Amino acid sequence: MLATIKNISEFVGQEVRLGVWLHIKRSSGKIHFLQLRDGTGFIQGVVVKSEVSEETWNASKSLTQESSLYVTGIVRKDERSKIGYELNVTGIEIIQIAQEYPITKKEHGTDFLMDHRHLWIRSPRQRAILAIRGEIIRAIQEYLNQNGFTLVDPPILTPTSAEGTTNLFHTKYFEEDAYLSQSGQLYMEAAALALGRVYSFGPTFRAEKSKTRRHLIEFWMIEPEMAFVEHEENLQIQEEFVSHIVRSVLKNCKRELETLGRDVSKLEKVVAPFPRITYDNAIEFLQQEGFDIKWGEDFGAPHETALAEKFDKPVFITHFPTELKAFYMKPDPNRPEVVLAADLIAPEGYGEIIGGSQRIDDPELLEQRFKDHNLSMEAYKWYLDLRKYGSVPHSGFGLGLERTVAWICGIEHVRETIPFPRLLNRLYP
RNA sequence: UCCUCGUUAGCUCAGUCGGUAGAGCACUCGGCUGUUAACCGAGUUGUCGCAGGUUCGAGUCCUGCACGAGGAGCCA
């Protein structure tokens with residue numbers, strides 16, 4: 001088995017050789033402390049002058065921040081180390097002495113760090129976030145694959161907008177106009193009627209001038225869609241799904257959560273079932289809290305945060321006014337002025353992480369909705385076809401990956417949850 | 001698009017009343033055998049965002065613009 005820092009505990013007492021970069025060096029005369037990283041984690045290498053060759057000592061002395069090297073050393077259990085282990089260095093083979101590294105040990109501003117995002121992702125904190133993002137993606141696929149969902153990829157170049165609400169990125173498709181996908185949902189409905197339970201996992205593009213800690217121009221969404229599933233079951237699947245994701249991160253990313261200083265006791269409470277509150281009750285609650293909001297108005301960020309603070313788990317807000325929501329959402333048969341939809345709001349002010357609904361299955365009602373929203377019947381002919389040929393009740397939802405990562409990691413801004421964020425006014429690097 | 005704040009050394013910032021540019025870090029050299037943003041001593045570093053204006057004199061005051069941050073709206 002190949003030794004890495006992640007599995008270094010299996011090599012105690014043995015000599016290992018690792019390909020590493022020097023993160024930071026501290027020296028104290030005749031002893032050097034090398035903070036080494038290999039991508040899987042960080043470990044401290046100790047170089048003692050009296051125990052190594054002059055060549056090794058001089059090599060250690062010459063190492064600059066982010067220099068690359070092969071290091072040989074004996075793995076030793078050590079209580080003084082944060083990870084419990086240290087490397088007693090016996091040999092150093094320099095690969096490259098790095099030039100003066102821009103990101104220093106001292107603090108930096110956001111703009112500087114974002115300009116150096118390609119290097120910033122090497123730092124312990126950023127590495128931990130991206131590792132957790134990877135684990136979240138793994139857990140998402142694991143849950144869906146184990147629960148009968150088939151991965152289906154909707155197109156990214158699309159002829160029209162899916163919901164007609166957001167600003168889309170425009171491009172040319174030879175002589176035609178085309179837009180980057182803002183949601184694969186309508187295509188996933190077609191796929192659900194072909195394969196039963198399906199999900200998509202892909203990038204999404206919104207040309208909105210949004211400039212907040214919760215918004216990216218390019219972000220990743222997971223959109224499951226399920227035939228023969230109605231509103232209530234849709235919510236149950238969502239809460240099981242989110243619980244599974246959180247449980248997986250708690251189990252497999254202990255060290256990363258520790259690096260981030262995340263209060264894991266808050267994550268440990270995230271177990272299904274989740275609390276539910278209707279839109280009606282949410283409005284009532286907000287009015288009692290002194291917010292100036294009336295029935296029929298949408299929630300802003302402060303409203304969502306106030307609602308989330310009531311609970312220590314994510315909370316579903318259900319039965320929104322039909323007027324506020326997308327054209328394809330199914331009205332409650334007992335109360336057509338509200339829809340069978342729910343937003344899942346994460347705790348601690350991270351906002352909406354899931355939006356979902358039961359979809360309209362009646363062809364006549366869907367046609368009426370198209371007329372009400374001034375949508376082109378011609379462009380959506382294929383979508384209306386789904387209701388003509390064996391229409392069934394079906395539901396689905398969309399999980400925003402970066403907001404989920406931000407919440408689980410407990411970090412301020414979604415820009416740190418994706419390797420190379422596309423933000424308003426930032427396309428580099 | 002709107003509101004607020006900001007832009008001074010490679011980085012993070014200070015700069016009083018308008019009087020001629022400063023600190024810490026980084027880097028270089030030296031010291032230190034358990035360091036944790038290590039520490040101690042010495043050295044190097046400037047188109048004060050850009051364009052105008054007021055003034056004997058502008059980093060400092062005024063106007064415009066650009067860029068960034070936080071928030072709102074929009075949105076997920």
Side-chain angles (χ1 to χ4, degrees), chain A residues 23-35 42-52 57 61-62 64-66 76 78-83 86 88 98-116 119-120 123-125 161-168 181-183 185 203-223 297-305 324-326 341 343-346 349-356 397-404 406-407 412-415 423-426 428:
Chain A
H23 176 56
I24 303 175
K25 178 170 70 179
R26 298 186 196 92
S27 72
S28 185
K30 296 183 178 62
I31 185 165
H32 292 160
F33 300 98
L34 312 177
Q35 309 304 321
F42 291 76
I43 194 169
Q44 174 160 278
V46 183
V47 190
V48 181
K49 191 178 183 184
S50 60
E51 294 172 9
V52 298
W57 178 254
K61 215 170 165 181
S62 74
T64 57
Q65 199 183 353
E66 288 303 317
R76 183 166 44 73
D78 196 311
E79 292 303 314
R80 291 168 292 189
S81 159
K82 277 176 189 163
I83 65 164
E86 275 190 350
N88 255 26
Q99 296 179 32
E100 193 177 324
Y101 192 64
I103 300 178
T104 65
K105 286 174 280 184
K106 285 281 177 171
E107 61 186 319
H108 297 284
T110 306
D111 195 39
F112 177 83
L113 289 170
M114 290 308 282
D115 279 340
H116 296 84
L119 303 176
W120 189 23
S123 69
R125 194 179 152 77
S161 99
E163 301 179 19
T165 52
T166 53
N167 293 313
L168 304 184
S181 171
Q182 59 143 348
S183 164
Q185 190 211 304
T204 302
F205 308 88
R206 305 274 166 102
E208 295 289 344
K209 303 255 181 191
S210 298
K211 202 184 149 196
T212 81
R213 68 182 63 171
R214 298 180 306 281
H215 289 88
L216 292 167
I217 302 301
E218 178 185 299
F219 65 101
W220 288 67
M221 229 180 4
I222 296 86
E223 295 182 277
E297 289 175 358
D298 208 352
F299 300 131
H303 304 124
E304 284 183 353
T305 302
L324 283 182
K325 290 291 184 179
D343 286 354
L344 185 65
I345 310 296
Y350 286 95
E352 182 186 341
I353 53 172
I354 287 182
F397 62 95
L399 172 81
L401 179 63
E402 285 75 17
R403 285 187 183 178
T404 304
W407 161 51
E412 270 295 297
H413 202 298
V414 289
R415 67 185 161 218
L423 299 161
L424 198 59
N425 306 323
R426 177 171 293 280
Y428 175 92

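Being a predicted model, the structure only gives us computed values, none of them experimental. FYI, side chains are in, hydrogens and waters are out, and symmetry mates aren't considered; it's all heavy atoms of this structure. Naming convention: chains lettered A, B, ... in sequence-line order (proteins, then strands); numbering from 1 in each chain.
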Practice problem: Just call it for A:F33: base, sugar-phosphate, or nothing, with non-hydrogen atoms closer than 4.0 Å on any strand. | Solution: base
Quiz item: Looking at A:Q182 and A:T204, what are the two nearest heavy atoms and their distance?
Solution: O-CG2, 2.9 Å
Exercise. Have a look at A:G351 and say if it touches a base, only the backbone sugar-phosphate, or nothing, with a 4.0 Å heavy-atom cut-off.
Key: nothing
Quiz item: Considering only the P atoms, how many Å lie between B:C48 and B:A58, rounded to the nearest integer?
Solution: 13 Å
Quiz item: Using a cut-off of 4.0 Å on non-hydrogen atoms, how would the nucleic acid contact of A:T64 be classed: base, sugar-phosphate, or nothing?
Solution: nothing
Quiz item: When the distance from CG of A:D111 to P of B:G10 is rounded to whole Å, what number comes out?
Solution: 16 Å
Quiz item: When you compare B:G73 with B:C3, how far apart are their P atoms, in angstrom units rounded to a whole number?
Solution: 16 Å
Quiz item: Closer to the 5' end of RNA chain B via nearest nucleotide, is it A:G300 or A:I217?
Solution: A:G300
Self-check item: Counterpart base for B:G41, defined by Watson-Crick or G-U wobble contacts under 3.5 Å
Solution: B:C29
Quiz prompt | A:E402 side chain to A:W220 backbone, donor-acceptor under 3.5 Å | solution = yes
Quiz item: Under 4.0 angstrom, heavy atoms only, what part of the nucleic acid is A:L216 near: base, sugar-phosphate, or nothing?
Solution: base
Quiz item: Would one find a side-chain N or O of A:R403 under 4.0 angstrom from OP1 or OP2 of B:A76?
Solution: no
Self-check item: Side chain of A:V48 (C-beta onward), nearest among B:U33, B:C74, B:U1
Solution: B:U33
Practice problem: For B:G34, give its Watson-Crick or G-U wobble partner with both distances under 3.5 Å, or none. | Solution: none
Exercise. Once you apply the 3.5 Å cut-off to both distances, tell me the Watson-Crick or G-U wobble partner of B:A51, or none.
Key: B:U63
Quiz prompt | B:A21: pairing nucleotide in any strand, Watson-Crick or G-U under 3.5 angstrom | solution = none
Quiz prompt | Whether A:Y101 side chain and A:T64 backbone form a donor-acceptor pair below 3.5 Å | solution = no
Exercise. With C1' as the reference atom in both, quote the distance from B:C11 to B:G34 in angstrom, rounded to an integer.
Key: 29 Å
Quiz item: What integer number of Å spans the P atoms of B:G57 and B:U20?
Solution: 16 Å
Quiz item: Ignoring hydrogens and angles, are the base of B:C74 and the side chain of A:S210 linked by a donor-acceptor pair under 3.5 Å?
Solution: yes
Quiz prompt | Side chain A:T104 and base B:U12 donor-acceptor under 3.5 Å | solution = no
Exercise. Give A:Q44 one of three labels, base, sugar-phosphate or nothing, depending on what nucleic acid heavy atoms sit under 4.0 Å from its own.
Key: base
Exercise. Kindly say whether A:H32 contributes a backbone atom to a donor-acceptor pair with the side chain of A:K61 at under 3.5 angstrom?
Key: no
Quiz item: Does B:G46 have a Watson-Crick or wobble partner in any strand here, with both distances under 3.5 angstrom, and which is it?
Solution: none
Quiz item: What is the distance, rounded to the nearest whole Å, between atom CG of A:L34 and atom P of B:U33?
Solution: 16 Å
Practice problem: Give a yes or no on whether the backbone of A:R403 and the side-chain of A:R214 come within a donor-acceptor separation of less than 3.5 Å. | Solution: no
Self-check item: Which nucleotide in B:C27, B:U1, B:U12 has an atom nearest any side-chain atom of A:F112
Solution: B:U12
Quiz item: Rounded to whole angstrom units, what separation is found between the NZ atom of A:K209 and the P atom of B:G70?
Solution: 17 Å
Exercise. Remember a base hit wins even if backbone is also touched, and classify A:S50 as base, sugar-phosphate or nothing at under 4.0 Å, heavy atoms.
Key: base
Exercise. Please state the P separation for the pair B:G18 and B:A23 - nearest whole angstrom.
Key: 24 Å
Quiz prompt | Atom-pair distance (CD1 on A:I24; P on B:C39), nearest Å | solution = 11 Å
Quiz prompt | A:M114 CE to B:C11 P, straight-line distance once rounded to whole Å | solution = 17 Å
Quiz item: Counting any heavy atom closer than 4.0 Å, what does A:H413 reach on the DNA or RNA strands: base, sugar-phosphate only, or nothing?
Solution: sugar-phosphate
Quiz item: For B:A72, which nucleotide in any strand shown is its Watson-Crick or wobble partner with both distances under 3.5 Å?
Solution: B:U1
Practice problem: Using atom CE of A:M221 as one end and atom P of B:A76 as the other, report the distance to the nearest whole Å. | Solution: 8 Å
Quiz prompt | Pairwise 5' ranking along RNA chain B for A:E100 and A:L423, keeping only the more 5' one | solution = A:E100
Quiz item: With sugar-phosphate meaning primed atoms plus P, OP1 and OP2, does A:R76 contact a base, only sugar-phosphate, or nothing at under 4.0 Å between heavy atoms?
Solution: base
Quiz item: Is there a donor N/O on one and an acceptor N/O on the other, under 3.5 Å, for the side chain of A:K211 and the base of B:A69?
Solution: yes
Quiz item: Checking only heavy atoms, does the side chain of A:E86 share a donor-acceptor pair with the base of B:G34 at less than 3.5 Å?
Solution: yes
Quiz item: Can you check the A:R214 CZ to B:A72 C1' distance for me, whole Å?
Solution: 10 Å
Quiz item: Between CG of A:L401 and CD1 of A:I222, what distance do you get to the nearest 0.5 Å?
Solution: 5.0 Å
Practice problem: Can you tell me, in whole Å, how much space there is between the C1' of B:C25 and that of B:C40? | Solution: 16 Å
Exercise. Please state the C1' separation for the pair B:U1 and B:C56 - nearest whole angstrom.
Key: 45 Å
Exercise. Give one of base, sugar-phosphate or nothing for A:R415, where a contact means two heavy atoms less than 4.0 Å apart.
Key: sugar-phosphate
Quiz item: So, does A:S181 use its side chain to make a donor-acceptor pair with the main chain of A:S183 at under 3.5 Å?
Solution: yes
Quiz item: Taking atom C1' in both B:G10 and B:G52, what distance in whole Å separates the two?
Solution: 31 Å
Quiz prompt | Closest non-hydrogen atom pair, A:E86 against A:V46 | solution = OE1-CG2, 3.5 Å
Practice problem: Figure out the CZ/P separation between A:F299 and B:G73, and round it to whole Å. | Solution: 13 Å
Practice problem: Indicate yes or no for a side-chain donor-acceptor contact from A:Q35 to the backbone of A:R26 under 3.5 Å, with no hydrogens or angles considered. | Solution: no
Quiz item: Across the strands shown, which category fits A:Y101 at heavy-atom distances under 4.0 angstrom: base, sugar-phosphate, nothing?
Solution: nothing
